[in-house]
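Numbering of ligands and ligand atoms starts at 1, following listing order.
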Amino acid sequence: MSDIIKILPSDVSNKIAAGEVVQRPSSVLKELIENSIDAKSTRIQIIIKDAGKNLIQVIDNGKGMSKNDMHLSFIKHATSKISKIEDIFSISSMGFRGEALAAISSVSMLEMESINDNQNGHFIEINGGELLREKDSNIQEGTSVKIKNIFYNVPARRNFLKSDFVELRHILDVFHRLAISHPEIEFSFINNEEEIFYLKEESLNKRIISIFGEKIRENLIPIHESTQIANISGFVLKPEFSKKSRSNQFIFVNNRFIKSQFINHSISASYDGLLKDGYYPGYFLFIEIDPTKIDVNVHPNKTEIKFDDDQNLYSIINSSVKHCLGIYQVSPVLDFDKDPSMDISYDQVKSQPTSPNIEINSDFNPFKVFNDEEVNKISDDHLTPINKLNLDNDSNQALKIFQILNKFIVSTNKSSLIIINQNLAHQRILYESFLKSIFENSVNSQKLVFPIELSLTKKQLLLYNKIIDEFKSIGFEIIVNNELMLVESIPFGIEKNNVEEVIENILNENFNTSNDFSASDFFAKRLSKITSIKSGQKLNSVEQEYIVNHLFSCKEPNLSPDNKQIFITLNKNDIENKFNG
Ligand code: ADP
Ligand code: MG
């Protein structure tokens, strides 16, 4: 057999390497800003068009490059940051593998201008890794790198890019992380011709406030701890400011953003007893640690990191967070939110229920908008209750449906027992109905007598603008004025006092990009999750029936929007086996 092994041409190998370094516009932005930071810039301007799909430009006032260095910068493993292997262990710059520009230029159209040491400025243009054109430039200081048409020559990857909303979300994440870890740098961020961030050189707490809005100011608790293993600084957020998502969690090691489950865990454990279930604390934690005590052999794009001494680090972080929460005398927030299932007096718990027909406290009725009349109306509208499962309703008896453990609804059909998870079932019902109104544009909303006023961060506002249509299509009527949002109408099915949470949750949500959903799908999923009845809520018989009927009229009654099993069935054999086995 003839030889079959070939060395790949460098443009092919660069494209393959690009797959590791450049996953999406936000990874390009990260590399470019990091290069500007490494070049000691004090001012960085970012210009984005179409969520970075058509333009990502970073302009800095750093030390710039000579004409020769500009040429070299596109060659793989060309770096000014290390020259011998030992350097890797003491590296403090952001990049050092000399891969980023080679990789980025191989999958995009790139233009770079730079000037250094009073030489003349120079301009080069590179398409797909090939030098296309170069000339003098009259750039006055630093470097400007323009990436146009990312992945223009790798259509499979270009098609893989998500909606502008999702890509912009990633870009803003990258921007936030770098802007927070470099408050000494002035940043401007222009998106589709509009300056959405102008951050002047400032202190860390001011930087956090500039990015996340005034509301965060009074919630910042400073943290400081010096130990032999590590120094901890930054801010943790008061428990009241915790969120249902992890969007306010930032950890930096040696000023580099990282993700770490065990550090998250250690901090969350410090908040023990202070947080409502399902809420996550927020923090901006900076850990300084001897670089030889961490594993630096990680991919530049990966944010995971390994510590030699993670057990001690865990305790140090845990106790320093506890300490600073203690200093600020944050006492446990016991009735953070009233849980209806806890709202039973001791006597009631002890006494036997006399009637199976449980009434629930109407203040906590999750179906407030679904009074009986409406329930019937909805069933008549477009649902054929029950028949899909052929539930047993012979001999004119009412369906035997009841709730157990405040969590499951039990029903039967001819031969089986069906146990339904009420929360997942309701999510499915709401999800399909939200999707339906989005697609059919059949708005179903209620006007509020007193509009609800919310103040938004710039990032939230930006994301809101991307999904205005979805908001409208499900029944929100919203006016935005500067950073104030005035909610005038809300969809049926959403409680007034949930509105802030619903909107914040949607605008803060981290997308799970492995799921290829559209904005509408995402929207319907989030809404159904937030507004669904939860485990622990008592349901009256109308509500129980509502769940059963509507669930089995859904297109996909088996699985929740997140693909969890909604109900189980026990048939005759299953039951008999329990007795015989
Ligand atoms: P790395 O950052 O790992 O060295 P890159 O491919 O990102 O590799 O960059 C290659 C080299 O190009 C850098 O080492 C640096 O010398 C130079 N360079 C890139 N961007 C800039 C910039 N904005 N200002 C000055 N020099 C830069
Ligand atoms: Mg770099």
Side-chain angles (χ1 to χ4, degrees), residues 10-11 13-23 25-47 56-85 87-108 110-126 129 131 134 137 139-147 150 174-175 177-178 181-182 185-188 255-257 296-303:
S10 68
D11 65 320
S13 72
N14 276 345
K15 270 192 200 168
I16 294 171
E20 282 181 49
V21 183
V22 191
Q23 280 129 9
S26 65
S27 26
V28 170
L29 182 68
K30 171 173 177 283
E31 295 294 339
L32 297 184
I33 300 180
E34 288 184 346
N35 279 347
S36 298
I37 293 173
D38 282 345
K40 307 266 176 293
S41 311
T42 57
R43 201 173 60 239
I44 300 177
Q45 190 182 21
I46 296 145
I47 302 173
I56 304 163
Q57 183 175 15
V58 173
I59 305 168
D60 68 41
N61 66 348
K63 63 180 191 232
M65 273 175 276
S66 65
K67 184 170 166 182
N68 226 354
D69 279 352
M70 285 173 80
H71 284 162
L72 282 174
S73 67
F74 297 97
I75 297 169
K76 197 168 174 196
H77 303 307
T79 176
S80 55
K81 298 168 194 172
I82 56 168
S83 51
K84 51 186 190 307
I85 190 71
D87 293 348
I88 291 186
F89 298 100
S90 54
I91 193 87
S92 62
S93 74
M94 306 297 264
F96 56 85
R97 293 165 45 137
E99 270 180 347
L101 286 181
I104 293 168
S105 64
S106 73
V107 293
S108 64
L110 183 150
E111 289 172 21
M112 181 190 261
E113 283 176 83
S114 193
I115 182 166
N116 133 303
D117 290 344
N118 301 325
Q119 289 181 344
N120 287 333
H122 196 63
F123 167 96
I124 57 177
E125 189 174 349
I126 295 194
L131 182 65
E134 61 182 317
S137 144
I139 183 169
Q140 297 301 306
E141 58 173 3
T143 305
S144 153
V145 184
K146 238 186 208 179
I147 309 295
I150 181 172
V174 160
F175 176 68
R177 292 164 187 173
L178 288 163
S181 52
H182 293 279
I185 297 179
E186 176 184 330
F187 283 97
S188 132
N255 220 22
R256 206 182 289 243
F257 176 84
V296 292
N297 195 16
V298 282
H299 190 282
N301 234 356
K302 291 244 170 75
T303 42

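Panel note: side chain S105, backbone L110; no donor-acceptor pair is recorded below 3.5 Å. Side chain of N61 to backbone of E141: no donor-acceptor contact under 3.5 angstrom is found. In this structure, the side chain of S114 engages the main chain of M65 through a donor-acceptor pair within 3.5 Å.
Short contacts between ligand 1 and A39, defined as distances under 4.0 Å to a heavy atom of the residue, involve ligand atoms 24 (N), 25 (C). The contact set between ligand 1 and A100, taken as ligand atoms under 4.0 Å from a residue heavy atom, comprises 6 (O), 7 (O).
For the pair M65 and ligand 1, a heavy-atom separation below 4.0 Å is found. Residue G62 places every heavy atom at 4.0 Å or more from ligand 1.
Scanning both residues, I139 and E113, for their nearest heavy atoms gives CD1-O, 3.7 Å.
Considering backbone and side-chain atoms together, L101 places an N or O closer than 3.5 Å to an N or O of ligand 1. For a threshold of 3.5 Å applied to N or O pairs, the pair formed by D60 and ligand 1 contains at least one separation below that value. Ligand 1 has an N or O atom lying under 3.5 Å from an N or O atom of N35, backbone or side chain.
Contacts of T143 with ligand 1, taken as heavy-atom pairs under 4.0 Å, involve the side chain alone. Proximity of D38 to ligand 1, defined as any heavy-atom pair under 4.0 Å, is not found for any part of the residue.
The distance from atom CD1 of I104 to atom CD1 of I126, rounded to the nearest 0.5 Å, is 11.5 Å. Between the OG1 atom in T143 and the CD1 atom in I44 there is a gap of 10.5 Å [rounded to 0.5 Å].
A side chain to side chain contact (heavy atoms under 4.5 Å, CB included) with S66 is found for one member of I115, L72, N116 and no other, namely N116.
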